[in-house]
Each structure stands twice: as structure tokens, then as C-alpha cells.
Amino acid sequence: MRMSLMLLACALPLTACSTPPKSSTDPAVVDPVPHVADGGTMKCNPDVLEQFNGKVANEATVKQAVAKSGAKNARVVKPGMAVTMDFREDRLTINVNEKNEIERIGCN
């Protein structure tokens, strides 16, 4: 009897700290794809990006690439850097070499 009461006393605080998984109707769950005023989504346009290959990926160049492509944001990937493999149609991915020169630039 004492053992079962002791187990119950240990288990109750643990269940109080757990949280239930969020449902898709939970207002705290945010849609990761941004929406624009006309009801669509912001998408990156890869057709305008070729002009950035070979340029140094400084802050001004990255901002210009984001603006011209229509992307919402960008990430600069350096050699050996780990990145997520998720696809985001509103993101610009800029791969650079050791000299911080753009080797590959694309929408994802």
C-alpha cells in the first residue's frame, strides 16, 4: 500500500508539467508561409537571380537579391555549414565559397 502511494505521489507532479499537443485549430499555431494583401503567398522568383553569381554576399547584395526576387527573407550558407532541408517558397538560399562569393543562389 505504501509503495503504490509513493508511486502515485511521484507520478502526479510529472503529469501536471506535461502539455497536450497543439491542434491545428489552436490559435497559437502559426502558418509559416506569409500571405500578401491579395490573398496569395509571397513567392521567390528564381529568374532574376543569375546576375548575383560571383558577387560578394555582403549585406547590400543580399538585400538587393531579396528585393529583386520577391522573397521574404534569405539565408547565406557557408562551406560546411549545416542547414535544414525544408522547402520554403518565400526564402532565398545563397551558397557562398570561402571568400564569401556567391556560388549558387536559388529559391528554397
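Small disclaimer: the values here were computed from a predicted structure and weren't measured. Just the heavy atoms: all of them, side chains too, but no hydrogens, waters or symmetry mates, feed the values below.
E50 places no side-chain N or O within 3.5 Å of a backbone atom of D47 that could act as its donor or acceptor partner. In terms of modelled atom types and a separation under 3.5 Å, the side chain of N108 and the main chain of F87 share no donor-acceptor contact.
V96 is not listed as a side-chain neighbour of M81, based on a closest heavy-atom distance of 4.5 Å or more. Looking at L49 and L92, their side chains come closer than 4.5 Å, going by heavy atoms from C-beta outward. Annotation: side chain of T61 is in contact with side chain of I102 (closest heavy-atom distance under 4.5 Å).
Listed here is the closest heavy atom pair of T93 and R75: OG1-NE, 3.1 Å. In terms of heavy-atom proximity, R91 sits nearest to D86 at NH2-O, 2.9 Å. Closest non-hydrogen pair, P46 versus C107, comes out as N-SG, 3.6 Å.
The structure places NZ of K43 at 14.0 Å from OG of S69, a figure rounded to the nearest 0.5 Å. In this structure, N97 CG and R104 CZ are separated by 12.0 Å, a value rounded to the nearest 0.5 Å.
Hydrophobic cluster membership is shared by I105 and V66, with clusters built from Ile, Leu, Val, Met, Phe, Trp and Tyr side chains linked at under 4.5 angstrom.
Applying the 6.0 Å contact sphere to NZ of K68 captures no more than 12 heavy atoms from other residues, nucleotides or ligands.
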